[in-house]
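Scroll down for the structure; my scribbles are underneath it.
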2 protein chains.
Amino acid sequence: MPQDNSEPPKRPGRPTMREVALLAGVAPKTVSRVVNGVSTVDPALAARVRAAAERLGYRPNLTASSLRRGDGRTASVGMLVEDAANPYSSALIRTVENVARQRGVLLLIGSLDEDPARERALAHTLIDRRVDGLVIVPSGRDQSYLISEQNAGTALVFVDREPKLLDADAVVSDNRASAITAVDHLLAGGHRRIAYLGDLASISTAAQRYDGYTHALELAQLPVDEALVRQGLVTEQAAIDATREVLALPDPPTALFTSQNVVTIGCSRALRELGLQDRVAMVGFDDFPLADMLRPGISVIAQDVEGIGRIAAETLFRRLDGDQSPPATTVLPTRLITRGSGEIRRGEPSGD
Amino acid sequence: MPQDNSEPPKRPGRPTMREVALLAGVAPKTVSRVVNGVSTVDPALAARVRAAAERLGYRPNLTASSLRRGDGRTASVGMLVEDAANPYSSALIRTVENVARQRGVLLLIGSLDEDPARERALAHTLIDRRVDGLVIVPSGRDQSYLISEQNAGTALVFVDREPKLLDADAVVSDNRASAITAVDHLLAGGHRRIAYLGDLASISTAAQRYDGYTHALELAQLPVDEALVRQGLVTEQAAIDATREVLALPDPPTALFTSQNVVTIGCSRALRELGLQDRVAMVGFDDFPLADMLRPGISVIAQDVEGIGRIAAETLFRRLDGDQSPPATTVLPTRLITRGSGEIRRGEPSGD
DNA sequence: CGACTCTGAGACAACGTGGTCTCGACGTCA
DNA sequence: TGACGTCGAGACCACGTTGTCTCAGAGTCG
């Protein structure tokens, strides 16, 4: 029977089911039933329990609950991205979050900064917290360390880059084909000397984009001039420097293909500084905010980030719901968005 | 003693301490000691335990651990922001993550989309997972629902906006003074009709910025013309429409003060469409990527987002380390960044 | 050499919860 | 009316871990 003294609980720490049970005059198990909405509880009893819980400020302990529960699910999912602050990663996080929220699942996030050691360390920390699944944009070249986790029932979905030495679901863009599209677009503008500016060649997507670049040139029966290829550009400043250097060559490129966000922005900055933004064509990989507001607008290969995130999340939850089909890679198409910078023809300044 | 059959564990689920103990021929408690690096364990025994753990692919269960541990800490912190995808929120997340990582603490994140109901719901979900602390950019006007959690020992730090009906630490920018700085800057350019374009007046920071706007005008002995004030602009499109409307007035403003990111970008877009970007001055609140690459560059009041995030995280962990001093609000200064748009003088197009 | 301390490892219980089983009360029907 | 089924609530224990206590064996010292 509920007491009627109205002081708040003075004991430090949090009230437990036992205390609620004591106050309501029932067994802890009955409190458990009420909290979990089991329908066989007498409505009057349930009301008493709820009142007691309310009075004590009781909150169920999901940690204990998931420990005891049969399936051991924690209703949380880990997400490892390159850098939570960059637009691509944060858009991905938000999209996965949207899907997860509908299931009452929370996201644990971590940034890897392209560091394979951190990938392993953070993945393990997440696993030690028994997340139900992991969404990973991998930094390393070997995910075999996750095999035992996969066997133990942790759902794994890779995003942007496929897992290595591990058979798991992945959701990626068609990097090679998209790079070919970009370079073809520049070739159609009459360009014959097209530079490639990209980040670490060790990143598989970067490698695929470079592969597309060389392939497109070969198809056009053009040589790949090593002098026009600059890789390993990690910072905006590196991209700026590289752009200056290739444009200072005796026979400079008339167009640039940039393999990634940060590089694109750096190149764009360099072109502006040199006053060449209307004379040198540029197509970048990855869209970014305000790309349309620059003059000229920056033409890009846009990935379907929301689609990628949504499908990744859906794939993950399908696995958690018991889908046993063999792991598969979903390849999403990209889109060439023409805004001006990519439509500058050889020898003709943009009319913008 | 370790066995030497080398098959991987076939049992479904994850190996536990007991199984490691069994394989190593020790008591579970000894495994616990080894895992936790207790130094009193015989090195040879510890090595045997580690080998057994390795062979089984054992990973400690932090869920169970934190349940049993005296302090009940989970080494995780919840973070509720407006929208994980927006640059301000994602920068904040990343900064807090950096501090948290040094302590091996993980971040659980949630987006509120300015929905007070979601704030409460997500805060409770995080509490049910027994996060050690919460970093919140609040959406609602009442955080008293957190009082019991605060009493129960959950550390709380509010960011960007102070808590209401709750006494807790906060880290904010000086919104009112910064708005005055912005408006003064426009007044110094000779402007007398300055529009205010802002988002929901119900958001405390927006209200403070508006307050600064009116105050600056009053100090200059100028009237606040209601026709030049547009609030509740939540989307970029709303900002575009509002900009068009105020500029279509019989006596249009010659300068705009925009209270927030999305609004600033919308206004900037509208000015461009109208061809007025070099004639109408603009200062925005909150910096954003590429603001310097537009023509003219967008002058802004920049918050010290990294400072805010870092101090918020440090304050949180100081509380978790036992700091009992009364809750305090840390106010961080902002910085006016002049890039062109705010330096357009009345009646003179920018020379940019 | 016996009583002492000290050290390292194990036995035991408990953290907060939910699965399982039990049991009393009640209703039903022959 | 008595045997049986049903149903709601509690007793009991286990989930994986660690705090506490115990204890065997080694070391120490008068």
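Quick note on labels: first sequence line is chain A, next is B, and so on, each numbered from 1.
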For the residue pair B:Asp160 and B:Tyr88, confirm or rule out a side-chain donor-acceptor distance under 3.5 Å.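 The answer is yes; a qualifying pair exists.
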Divergence of helical axes at both termini of the helix from C:dC1-D:dG30 to C:dA30-D:dT1 - five pairs an end, 10° steps: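 So the angle between the two local helix axes works out to 50°.
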Does anything in [range] pair up under salt bridge (charged side-chain N to carboxylate O under 4.0 Å, His left out), and if so which pairs, sequence neighbours excluded?
{"range": "residues 97-108 of chain B", "answer": "B:Glu97-B:Arg101, B:Arg103-B:Asp321"}
{"range": "residues 137-151 of chain A", "answer": "A:Glu149-B:Arg14"}
{"range": "residues 21-37 of chain A", "answer": "none"}

Qualifying residues under side chain to side chain donor-acceptor pair (under 3.5 Å), relative to [X], sequence neighbours excluded:
{"X": "B:Asp71", "result": "none"}
{"X": "B:Asp167", "result": "none"}
{"X": "A:Asp115", "result": "none"}
{"X": "B:Glu119", "result": "B:Gln143, B:Tyr145"}

Where along nucleotides 8-15 of chain C does protein come under 4.0 Å, by heavy atom, of base (B) or sugar-phosphate alone (S), with - for untouched nucleotides? SBBB-BBB
To the nearest Å, give me how far apart CG (A:Leu62) and C1' (C:dG18) are.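 Answer to the nearest Å: 12 Å.
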Where chain A begins and ends its contact with DNA chain D, read 5' to 3' at 4.0 Å from heavy atoms: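 Span of nucleotides near chain A: D:dG8 to D:dG16.
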Under the rule for side chain to side chain contact (heavy atoms under 4.5 Å, CB included), what residues qualify as partners of A:Ile93, not counting sequence neighbours?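 With sequence neighbours excluded, A:Ile93 shows a side chain to side chain contact (heavy atoms under 4.5 Å, CB included) to A:Met79, A:Val81, A:Ala84, A:Leu107, A:Ile109, B:Ala84, B:Ile109, given in chain and number order.
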Set of residues satisfying side chain to side chain contact (heavy atoms under 4.5 Å, CB included) with respect to B:Thr95, sequence neighbours excluded: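 For B:Thr95, the residues satisfying side chain to side chain contact (heavy atoms under 4.5 Å, CB included) (neighbours in sequence not counted) are B:Glu306, B:Arg310.
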